[in-house]
Amino acid sequence: MHTLKRKSPLRRIVLASAATVSGMVLLLSMKPHSTPGVAVAAPAPSSSASASAGSGESSGSGGPGSSSGSSSPSGSSGSGGSSTTGTKTVTGSSVQTRYGPVQVRITLKNGRITDATAVTYPQDNPRDQQINSYAVPQLNQEVLTAQSANIDTVSGATYTSQGYQQSLQSALDSAKA
């Protein structure tokens, strides 16, 4: 009598164990999502740019070639006016998130935020594009409502939201300086 007969409990145990081990091997062999390539610093806009140039710029200018917040410039201002009068455009530092860099540009008029734009955000794959197509407009609107970096995180876009908040705070700090 063979120990691995058709309806033997030992056969079921061996098959279940083999399936479990195979499943664990496949699960552990999966790689986490990461952006390909080496991060390279993106040039900051020049200080001679007008305030209107910041709001009309394409949001796809970033991508995988940007750097972490520690090695990028802290931002640049559009016009030389003070933060209480005139119009000023400031770009925050690029913040590296798990899925890619996030960078925010704000326009201030008479000390109030009149425009907020994410100039760099993750869009390397269709899932990033899908998530950020609804998250970035919500974050931009939150900034205009809150008038600060104290904004709500968008559900499903936690990493992008956190990077957005950090870059926004960097831009606000640069505007005050």
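The structure displayed is predicted, hence computed values, not measured ones.
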Whether N132 side chain and P122 backbone form a donor-acceptor pair below 3.5 Å: yes

Residues in side chain to side chain contact (heavy atoms under 4.5 Å, CB included) contact with Q141, at least two apart in sequence or another chain: L144, T145

Sidechain-backbone polar pair: S167 side chain, S93 backbone, donor-acceptor under 3.5 Å: yes

Distance (rounded to the nearest 0.5 Å) between I151 CD1 and E142 CD: 6.0 Å

S148 side chain vs N150 backbone, donor-acceptor pair below 3.5 Å: yes

N125 side chain to Q129 side chain, donor-acceptor N/O pair below 3.5 angstrom: no

Step-by-step side-chain contact (heavy atoms from CB on, under 4.5 Å) determination, V104 to T91: CA-CA 6 Å; V104 178; T91 302; over 6 Å; no

OH on Y121 to CG on L139, rounded to 0.5 Å: 11.5 Å

Whether S170 side chain and Q166 backbone form a donor-acceptor pair below 3.5 Å: no

Residues which pass side chain to side chain contact (heavy atoms under 4.5 Å, CB included) with A157, listed by chain and number, not counting sequence neighbours: I131, A135, V154, T160, S161

I106 side, atom CD1; D115 side, atom CG - distance, nearest 0.5 Å: 9.5 Å

Nearest-0.5 Å distance, CG of residue L168 to CD of residue Q103: 12.0 Å

Donor-acceptor contact present, side-chain Q147 to main-chain I113, <3.5 Å: yes

Please set out all donor-acceptor pairs under 3.5 angstrom arising from side-chain atoms of residues 16-26, sequence neighbours excluded.
{"unit_1": "S17", "atom_1": "OG", "unit_2": "I13", "atom_2": "O", "d": "2.9"}
{"unit_1": "T20", "atom_1": "OG1", "unit_2": "A16", "atom_2": "O", "d": "2.8"}
{"unit_1": "S22", "atom_1": "OG", "unit_2": "A18", "atom_2": "O", "d": "2.9"}

Residue pair N140, Y164: steps toward the side chain to side chain donor-acceptor pair (under 3.5 Å) verdict: CA-CA 9 Å; N140 292 340; Y164 189 101; 2.5 Å; yes

Any T89 side-chain heavy atom under 4.5 Å of R105 side chain: yes

R112/L108 under side-chain contact (heavy atoms from CB on, under 4.5 Å): CA gap, chis, key distance, verdict: CA-CA 5 Å; R112 291 193 47 85; L108 297 128; over 6 Å; no

Side chain proximity check, T107 to K88, heavy atoms < 4.5 angstrom: no

